Amino acid sequence: LISELIQEERTYVSDLRDIETLFLEPLARSDSPIAERNPDQFINDVFQHYRPLLEHHERLLRQLESIRQLEGYEIQSILTALMETMLNSRHDYLKYISNIPVAAFRVEEEARDNPAFNAFIQRSLLRPSTRRMDMKSLLHVPFPRLVRYACLLTDIMRNTCESHPDYTEISALREQIDELLKYANHGLTSGKAKVQLLTYHRIIVFDPTKWVDLELLEERRKVIWTGNLLLQPKPWLSFLESVEIFAILLDNYFVLATPRRKGQIIEHHVYGRPIPLELLTLENFSGLSIPRDGSSVSNDSSEQPSHLYPFTLQYSGREGGLIFLYAPSRDARSDWHGKFEEALGLKNAVRDAERLFEIEDLTHETFSLPLSWNVESDISLNFPCTGRITCSTPFGRSFGSIIGIHLSTLLVTSDNRNLIIFGCDEGIWVGSLHDSKSIQPLLELKYVTQCAVLADLGLVLILANKSLCAYKIEALDPASVEGVQARRSPDKLSGMKDVQFFTVGYIKGKLAVAYVGRRNTESVITLLETVSQRPNASTRIIQRRSSQLLGRLKSPSKISQTHPFRLCKEMIRHEEISNIFFIEDNVFALGSRGFLILELHVGAEAKPLFFPHRSLLPSDSIIKRCRESKPLALLKSRVHEYLLCYEDFGIYVDDIGVPIQNRRAIEWEGLANHISLHHPSILVFSSNFVEIRNLENGRLIQIIFGHDLRCLWDTWNSVEWHPRAESAWLRPSIHAITNKAQTRNGGQKCIVQEVFELVPTVLLSQGQEVSGVIQAKFHTFHTSGHGATRDRGLVIQQSQQNFRQNGNITDIDGGPHSERNRDPALPVLDHLSMSELWVDDESIQGGEFESCSLQRDSPEWRHLSYATFSSPPSGQSAGEVA
């Protein structure tokens with residue numbers, strides 16, 4: 001038996017060597033049949049983890065041959081060599097065997113699509129050493145070899161006395177191999193599941209306007225269930241008009257497809273849109289069976305082979321509604337019901353781990369209005385009516401003040417509170433942040449639509465009744481004595497013009513305000529820039545510079561000289577302008593006919609940016625779709641790349657507006673009414689939910705539900721989060737509103753407007769010009785001490801305000817940790833000390849970092865990726881934070 005084992009080991013090693021000499025080496029050459037088809041990827045997919053197995057068994061064979069030479073044909077024991085090999089190769093076997101199904105799939109796929117590769121495989125069968133085994137059979141050899149080891153050891157045990165000193169160790173080795181085979185079988189099952197996903201990735205075909213990234217190549221992806229069903233396309237259609245579909249239930253989407261043969265494969269063409277499980281609701285799985293011929297419904301509860309068994313799902317997307325499906329049997333329907341519950345359960349289980357935003361309520365039953373109401377109404381109400389909330393913005397104590405950064409006292413209320421402003425149809429309300437009982441009316445203004453805090457200027461801009469005014473920031477402090485006078489005398493920035501909306505941003509380091517008005521069918525865009533970054537700057541300088549510029553440009557109106565603004569540019573467009581964006585010193589306008597770049601030098605006109613583009617034909621489908629859809633936002637997704645957001649989709653384009661070939665359009669699940677940016681995510685607001693997606697690939701990450709949802713404020717359009725703002729808040733968030741029907745005392749029905757804050761679970765630092773303070777909120781894991789701890793936030797003070805562009809992590813004294821060299825493209829922040837650490841909302845003072853680095857997520861964003869405590873904060877032991 002031992003001699004048989006040695007002989008079989010020779011054959012096994014020979015087979016492993018054939019894999020290299022017959023396939024791996026020829027395919028790696030420049031003239032191979034796959035040279036033009038990404039050979040490196042193919043070789044990695046097919047031959048990964050192969051070489052370690054060959055090395056293990058070549059070493060074992062040498063040991064066995066040495067034993068035979070020493071002991072002749074009466075070999076006493078080979079147990080030590082076998083045990084050492086099985087122990088050392090265990091991990092490599094598991095990795096190799098789990099990849100066998102993937103390797104076989106890639107070989108079959110390449111042979112089907114590449115005739116030259118298929119001929120190459122056929123020629124290999126003529127080699128005598130292969131024993132007529134093809135490439136797939138040779139790749140599969142290691143698994144049956146493990147089975148053979150177990151059988152040989154069983155036979156050796158049967159022929160060995162139990163009193164023999166090796167008997168116990170032989171038994172232990174066999175158990176070890178049996179255990180390895182058990183895990184190897186699990187690996188094969190996992191590999192087959194991966195092949196199933198790879199197959200679906202190849203054969204699922206989308207309508208070009210309904211493509212969705214199903215993330216089928218993600219490691220965590222799982223197929224829950226599949227099967228054939230009948231689909232009733234519309235509720236009002238007859239059951240006899242149902243279509244046969246193939247249903248695929250994943251752990252993230254439910255896909256309905258119609259099979260169609262194309263050559264040697266069967267493609268699955270997606271019917272409608274894949275349904276995210278977050279938007280799927282199970283409605284009815286207990287309906288009576290229906291005869292296949294469409295005759296009367298049977299009340300018989302017994303199984304009827306000629307009947308179909310209906311069940312109903314609800315899809316909450318913009319193309320959704322009730323989905324009527326029919327299973328071929330009662331058991332099949334029951335299986336689907338159980339698998340749907342399993343998939344939804346799995347999705348709910350990972351939801352908390354995957355969510356990027358948490359909800360924090362800002363108001364509670366504070367703002368309400370009747371079900372049918374307008375501002376001029378004189379309906380008698382038994383509850384306070386505030387009108388429709390249109391906007392909000394926070395202001396108050398900056399996080400920077402925590403660590404001693406000097407800030408203007410204008411940012412701090414007289415009683416040291418963080419405040420929040422609400423704009424309503426009936427005026428301005430102000431209260432303490434996260435204290436809804438403190439909210440009270442402050443300014444009686446009609447039809448407030450926008451407000452913005454310019455902390456560096458000590459001003460608040462309010463757009464009410466189509467008039468744009470600037471108030472001193474003290475005006476919004478209810479406890480301030482100076483606020484009473486400030487509320488009486490605002491500066492009117494828009495003169496006599498009606499203003500539709502305004503936007504605040506930065507142009508070449510200067511704070512700027514752009515507002516848009518209407519003149520008959522024309523839109524008038526007015527751009528103001530700051531002359532001084534402080535409200536107490538010399539008015540003589542403002543007057544002199546303003547008069548010089550206004551002498552060259554036609555003034556839209558006389559601008560008050562008590563505020564720090566002057567006219568920069570006025571432009572007229574013969575179309576409706578709905579939004580303006582400040583992106584990297586450029587000003588973009590959102591017009592009814594597309595996106596515009598606003599030229600800022602005197603005499604220049606706005607020019608169309610993206611569509612139509614001369615390189616695209618007028619018949620191009622994407623041009624038609626962009627013209628028919630309402631544009632909402634323009635976002636910079638990568639260097640030299642933008643994401644154009646429309647109400648139903650988004651599309652990636654380059655700097656000159658040409659759609660990027662390898663970047664598909666993103667289809668929103670809802671009909672968007674607003675787009676917010678929180679890098680690296682975008683938030684797509686529709687009436688009933690908010691989609692949170694990845695900016696660079698459009699993948700759906702999280703859905704937040706509500707009713708009549710609207711975005712009131714976001715840091716993307718706020719100068720408070722701009723890296724050039726002197727008092728940057730460094731706590732990006734988004735305010736949104738949802739409406740809830742409620743019956744108040746006396747039976748009067750009303751709508752309660754609940755304002756909430758979407759707070760990111762991970763706070764990222766702005767990337768281009770960070771100085772002074774950095775705040776990060778992330779999950780930290782201490783590798784020593786008290787175990788894993790989730791931190792609520794982290795504030796770091798930078799003692800030397802500079803980035804150093806090199807690959808070394810430096811310690812507090814500047815000495816490089818050469819063994820931790822990083823990518824030279826990643827910046828390193830030198831000389832850091834931790835001022836304050838929040839763990840579960842409890843502040844921990846003190847502590848310094850031995851080292852810390854910031855990793856570049858994109859050209860605009862970085863995150864803290866590595867830090868080590870050299871002197872731990874109080875209550876914590878030293879350890880690494882990642």
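Note that the coordinates shown come from a computational prediction; the quantities given were computed from them, not determined experimentally.
When atom types are taken as modelled, the side chain of Trp713 and the backbone of Ala452 share no donor-acceptor pair closer than 3.5 angstrom. Side chain of Thr503 to main chain of Ala514: no donor-acceptor pair is present (N/O by atom type, distance under 3.5 Å, no hydrogens or angles). Between the side chain of Asp425 and the backbone N or O of Arg388, at least one donor-acceptor pair lies under 3.5 Å. In this structure a side-chain-to-backbone donor-acceptor pair under 3.5 Å is missing from Thr393 to Cys451. At least one donor-acceptor pair under 3.5 Å links the side chain of Gln702 to the backbone N or O of Phe357. Distance alone, capped at 3.5 Å, places no donor-acceptor pair between the Tyr326 side chain and the Gln232 backbone. Side-chain atoms of Arg260 do not come within 3.5 Å of backbone N or O of Glu267 as any donor-acceptor pair. Panel note: side chain Thr738, backbone His707; a donor-acceptor pair is recorded below 3.5 Å. Arg710 contributes no side-chain N or O that, together with a main-chain N or O of Thr390, makes up a donor-acceptor pair within less than 3.5 Å. In this structure, the side chain of Arg333 engages the main chain of Gly287 through a donor-acceptor pair within 3.5 Å.
Ring geometry for Trp211 against Phe206 counts as perpendicular: the plane angle is over 60°, on a 0 to 90° scale with 30° as the lower cut.
Taken to the nearest 0.5 Å, the CG atom of Leu635 stands 5.5 Å off from the CG atom of Leu677. Atom CD of Glu641 and atom CG of Asp654 lie 8.5 Å apart (nearest 0.5 Å). Atom CZ in Phe685 sits 5.5 Å away from atom CG in Leu758 (nearest 0.5 Å). Taken from CG in Leu632 to CG in Asn673, the straight-line distance is 7.5 Å, to the nearest 0.5 Å. How far CD1 of Ile666 is from CG of Asp213: 9.5 Å, rounded to the nearest 0.5 Å. For the atom pair CG of Leu214 and CG of Leu700, the computed distance is 11.5 Å after rounding to the nearest 0.5 Å.
Side-chain contact between Leu643 and Ile682 is present, with heavy atoms from C-beta onward closer than 4.5 Å. Ile660 is not listed as a side-chain neighbour of Val653, based on a closest heavy-atom distance of 4.5 Å or more. Counting only heavy atoms from C-beta outward, the side chains of His674 and Asp714 approach each other to under 4.5 Å. Contact annotation: the side chain of Leu231 never approaches that of Ser242 to less than 4.5 Å [non-hydrogen atoms, C-beta and beyond]. Side-chain contact between Ser436 and Asp361 is absent, with no heavy-atom pair separated by less than 4.5 Å. In this structure, Asn694 and Ile701 have side chains that are in contact, with non-hydrogen atoms separated by less than 4.5 Å. Leu217 places a side-chain heavy atom less than 4.5 Å from the side chain of Leu198. Contact check for Cys626 versus Tyr646: side-chain heavy atoms found under the 4.5 Å cut-off.
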Inset, instruction - Apply side-chain contact (heavy atoms from CB on, under 4.5 Å) to the pair Leu325 and Trp336, showing each step before the final yes or no. - result: CA-CA 11 Å; Leu325 296 166; Trp336 275 107; over 6 Å; no
Legend entry - side-chain contact (heavy atoms from CB on, under 4.5 Å) between Cys645 and Trp668, intermediate numbers included: CA-CA 10 Å; Cys645 299; Trp668 316 136; 4.2 Å; yes
Legend entry - Verdict with reasoning, Arg518 to Ser523, per side-chain hydrogen bond (donor to acceptor under 3.5 Å, both in side chains): CA-CA 5 Å; Arg518 294 286 292 173; Ser523 292; 2.9 Å; yes
Inset, instruction - Take Tyr315 and Leu279 through the test side-chain contact (heavy atoms from CB on, under 4.5 Å) and record every step on the way to the result. - result: CA-CA 6 Å; Tyr315 172 33; Leu279 299 178; 4.1 Å; yes
Inset, instruction - Go through the steps to decide whether Arg625 and Glu667 satisfy the test salt bridge (charged side-chain N to carboxylate O under 4.0 Å, His left out), and finish with yes or no. - result: CA-CA 12 Å; Arg625 192 175 182 198; Glu667 302 294 332; 2.7 Å; yes
Inset, instruction - For side-chain contact (heavy atoms from CB on, under 4.5 Å), just list the numbers for Asn586 and Ile597, CA-CA rounded to whole Å, side-chain angles, deciding distance to a tenth of an Å, and then say yes or no. - result: CA-CA 7 Å; Asn586 292 314; Ile597 293 179; 5.5 Å; no
Inset, instruction - Determine, stepwise, if the pair Ser676 / His678 fulfils side-chain hydrogen bond (donor to acceptor under 3.5 Å, both in side chains). - result: CA-CA 7 Å; Ser676 290; His678 183 283; over 6 Å; no
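No close placement of the Phe595 and Phe581 rings is indicated, their centers lying 6.0 Å or farther apart. Between Phe311 and Phe285, the ring centre distance stays below 6.0 Å.
Between Phe367 and Cys424, the closest heavy-atom pair is CE2-SG, 3.8 Å. Nearest heavy atoms, Leu695 versus Ser637: CD2-CA, 3.8 Å. The minimum heavy-atom distance between Pro276 and Pro274, with the atom names listed, is CD-O, 3.6 Å. Nearest heavy-atom pair, Leu709 versus Ser686, reported as atom, atom and distance to 0.1 Å: CB-O, 3.4 Å. The two atoms that bring Leu229 and Ala327 nearest to each other are CD2-CA, 3.8 Å, heavy atoms only. Nearest approach of Gly423 to Val448, heavy atoms of both residues: CA-CG1, 3.7 Å.
Partner Asp251 forms a salt bridge (charged side-chain N to carboxylate O under 4.0 Å, His left out) with one of Lys339, Arg220, Arg221, Lys222 and no other, that one being Arg221. Shown are Arg318, Lys210, Arg273; of these, the salt bridge (charged side-chain N to carboxylate O under 4.0 Å, His left out) with Glu669 is made only by Arg273. In summary, of the residues considered (Asn284, Thr281, Ile323, Leu282), a side chain to side chain contact (heavy atoms under 4.5 Å, CB included) with Thr312 occurs for Asn284 alone.
With a 6.0 Å radius and a threshold of 12 heavy atoms from other residues, nucleotides or ligands, Glu244 has its CD atom at or below the threshold. No more than 12 heavy atoms of other residues, nucleotides or ligands sit less than 6.0 Å from atom NZ of Lys466.
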